[in-house]
Amino acid sequence: MESIWVLLGYAVCVFSCALLPQTRQDLKLIGTAMGIGVFLQCLLGLSQLAGKDFFNTSLGKLLLVPDSLSQYRDTLRFTFGEDPLRSVYMALYNPNYVGSYAALFLPLSICGVFLFSSRKWKISSGMLSCLLLLCLFFSGSKAGLITLFLMAVLVLLWSFRRYPQIRFWVFSGFFCLLVLLAVYNFANDQRLVKGVTSVFSQETEASLTRVSPKKDQIAITYRGEDYSLSLTEEETLHIETSGGKRLDSIEGLEFQTYKEGQACHLVFTCENIPWDFLKTEDGYIYYTIYGKPDQMENAESVFPSRLDKAFTNRGYIWGRTIPLLKNTLLLGTGPDSFPMVFPQDDYLARSWLGKKFFSQILTKPHSLYLQTALQTGVLSLLCLLVFWKSCLARLYRSFVRPQTDGPSSLFLGGLFLGILGYLITGIINDSSLCVAPLFWGTLGLSLSACRILAPSAIQPKTAQWKT
């Protein structure tokens, strides 16, 4: 979660890392600290890959669970370890954030192979890159893998222009990456291909397309037919078609009635999802799967329903988040306010995406940009985009200038690709406290690196007057 104090802390990270480093030695020290941090994260990832998750040990649970909740330590469940193809989450809470983390630091670790003159450090950088790449693959983060491919294409194009002497190695690395992605896709039942093609998939017709509780009945549309459900005075089930025909049951639906005190409930189950309604004098009231009464609404969406399943149901979240932005053009709804402002009562459309998604309380928009636009305002997002663009432009000017020496150019290029990679994964991943401070610190480091390593690239242009 990111409160207002956390957001202000990100600003402190940027300015601290931009102003404190003054020499190349300072940059080397920070780079070494980054490498050690990545190595420790990879060790955690390897332990999770081997089925010996450190956080699932007695010491790990002691660190995670405070003494006030010590009774839950033995029952703590690590769900990601149950899937061997998504078992790596490092210390980042969720495997999805491994994609953002790897996109940020993998370019820097790979650049270290060419940056260092010492053979020992070249080998160390290469091994660290392999470990981070291994953790990325077994995190199952599609955002990270797709971003890695896009960055590899950029490096391939750039190297052919700037570094002809390493074209062979870059092309070989790109080919190996393609092979690894193909093997990963094949071993994961076409996971990458399905993730991309889901955006263009045809709309699948839902069987239950209308659920409308009214005063004297519950109107539903199931498989194209309209039905009315109600409870008689004897509290028995009454089913009727739109033509007035009485039915005892409907094929594909399961019905149940029960009493809770003096209250009588009518429940029908469709595709393992129960729909519970309480009969009152004012009409039928929907009860959630958590036993709470709520109103059912059909939330506005900017996307057609066929895109709801895109990018692991992110299409549904994005489509219903974008209409909310018309109310946050200047001021947002506030940090960590997404669960309160998102239409959680859009039950029917959520049921089309399966019981697991239906039963969740959506707490984040799964997009850094939508998260910013909604919670702190569209204007704040525009300001951030301008800031990020200026940082990337300054980095690009710094590492492409002929006056910048080779090692400095490689380091600045690694920073450029890392920051760009994180911002690309931000399209699909939201900002999280487990990774975002590292991004903002790296962003500040890029500003100080430009100032120290390529000062001529950031000097303001002076006007020349003709006399």
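No hydrogens, no waters, no symmetry mates; every other heavy atom, side chains included, goes into these values. In what follows, residues are counted from 1 in the order of the sequence shown.
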Looking at [Y], is its backbone amide N or carbonyl O close enough to the side chain of [X] to form a donor-acceptor pair, meaning the two atoms are under 3.5 Å apart?
| X | Y | answer |
| --- | --- | --- |
| Ser109 | Ser125 | no |
| Ser432 | Val435 | no |
| Arg394 | Ser446 | no |
| Trp318 | Pro365 | yes |
| Gln25 | Gln22 | no |
| Thr57 | Gly60 | yes |
| Arg320 | Gln344 | no |

Hey, what's the ring geometry for Phe439 with Trp388, parallel, tilted or perpendicular (30° and 60° as the breaks)?
->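 The rings of Phe439 and Trp388 stand perpendicular, inter-plane angle above 60°.
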Using 30° and 60° as the class limits, which term best fits the ring planes of Phe116 and Trp121: parallel, tilted or perpendicular?
->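 Tilted, since the angle between the ring planes falls between 30° and 60°.
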When you compare the side chain of [Y] with that of [X], does any pair of heavy atoms fall below 4.5 Å?
| X | Y | answer |
| --- | --- | --- |
| Tyr72 | Thr75 | yes |
| Cys391 | Phe387 | yes |
| Phe357 | Ile317 | yes |
| Ile452 | Thr23 | no |
| Tyr347 | Val211 | no |
| Phe338 | Thr321 | yes |
| Lys309 | Trp352 | no |
| Met34 | Thr442 | yes |

Hey, could you give me each pair passing salt bridge (charged side-chain N to carboxylate O under 4.0 Å, His left out) that has a residue in residues 290-305? Not counting sequence neighbours.
->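 Qualifying pairs: Glu300-Lys326.
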If a pair satisfies salt bridge (charged side-chain N to carboxylate O under 4.0 Å, His left out) and one of its residues is in residues 350-370, list it, with sequence neighbours excluded.
->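 Of all non-adjacent pairs touching residues 350-370, none passes salt bridge (charged side-chain N to carboxylate O under 4.0 Å, His left out).
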Could you walk me through whether Leu438 and Phe105 pass side-chain contact (heavy atoms from CB on, under 4.5 Å), step by step?
-> CA-CA 10 Å; Leu438 299 171; Phe105 289 116; 4.0 Å; yes
Drop me the distance from [X]'s [atom1] to [Y]'s [atom2], to the nearest 0.5 angstrom.
| X | Y | atom1 | atom2 | result |
| --- | --- | --- | --- | --- |
| Leu370 | Leu324 | CG | CG | 10.0 Å |
| Met90 | Leu40 | CE | CG | 11.0 Å |
| Leu59 | Leu64 | CG | CG | 9.5 Å |
| Leu445 | Leu20 | CG | CG | 11.0 Å |
| Leu145 | Leu150 | CG | CG | 11.0 Å |
| Leu7 | Leu433 | CG | CG | 10.0 Å |

Distance-only polar pair, side chains of [X] and [Y], donor-acceptor under 3.5 Å:
| X | Y | value |
| --- | --- | --- |
| Tyr97 | Asp430 | yes |
| Ser117 | Lys122 | no |
| Ser408 | Arg24 | yes |

Between [X] and [Y], which heavy-atom pair has the shortest distance, and what is it?
| X | Y | result |
| --- | --- | --- |
| Cys270 | Leu208 | SG-CB, 4.0 Å |
| Ser398 | Leu412 | CB-CD1, 3.7 Å |
| Leu392 | Leu423 | CD1-CD1, 4.1 Å |
| Ser448 | Cys17 | OG-O, 3.1 Å |
| Asp345 | Gln295 | CB-O, 3.2 Å |
| Ala349 | Asp346 | CB-OD2, 3.4 Å |

Is the count of non-hydrogen atoms from other residues, nucleotides or ligands lying under 6.0 Å from Phe15 atom CZ greater than 12?
->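 At most 12 heavy atoms, drawn from other residues, nucleotides or ligands, come within 6.0 Å of this atom.
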Counting heavy atoms not belonging to Asn298, are there more than 12 under 6.0 Å from its CG?
->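 No.
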Salt bridge or not for Asp308 and Arg314, using N-O below 4.0 Å?
->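 Salt bridge flag = no for Arg314 with Asp308.
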Under the salt bridge (Lys or Arg N to Asp or Glu O under 4.0 Å) rule, what do Lys61 and Asp53 come out as? Steps first, then yes or no, please.
-> CA-CA 11 Å; Lys61 293 178 180 179; Asp53 187 0; over 6 Å; no
Taking it one step at a time, do Tyr93 and Tyr89 satisfy ring-ring contact (aromatic ring centres under 6.0 Å, His included)?
-> CA-CA 6 Å; Tyr93 176 69; Tyr89 62 95; 8.5 Å; no
Quickly, which of Glu2, Gln375, Gln371 forms a side chain to side chain donor-acceptor pair (under 3.5 Å) with Ser431? Name it, please.
->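 Exactly one candidate clears the test, Glu2.
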Out of Tyr290, Trp275, Tyr316, which one pairs with Phe358 under the ring-ring contact (aromatic ring centres under 6.0 Å, His included) rule?
->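 By the ring-ring contact (aromatic ring centres under 6.0 Å, His included) criterion, Phe358 pairs with just one of Tyr290, Trp275, Tyr316: Trp275.
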Determine the sole option in Leu443, Leu415, Leu447 for which the side-chain contact (heavy atoms from CB on, under 4.5 Å) test with Leu395 is passed.
->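 Among the candidates, only Leu415 passes.
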Could you go step by step and tell me if Ile427 and Leu368 meet the side-chain contact (heavy atoms from CB on, under 4.5 Å) rule?
-> CA-CA 6 Å; Ile427 298 173; Leu368 165 64; over 6 Å; no
Are Phe55 and Leu76 close enough, and set up right, to give a side-chain contact (heavy atoms from CB on, under 4.5 Å), and what steps lead you there?
-> CA-CA 10 Å; Phe55 294 114; Leu76 195 63; over 6 Å; no
In sequence, state the C-alpha distance, the side-chain angles, and the governing distance for Asn56 and Arg77, and then conclude on side-chain contact (heavy atoms from CB on, under 4.5 Å).
-> CA-CA 8 Å; Asn56 204 9; Arg77 182 184 174 192; over 6 Å; no
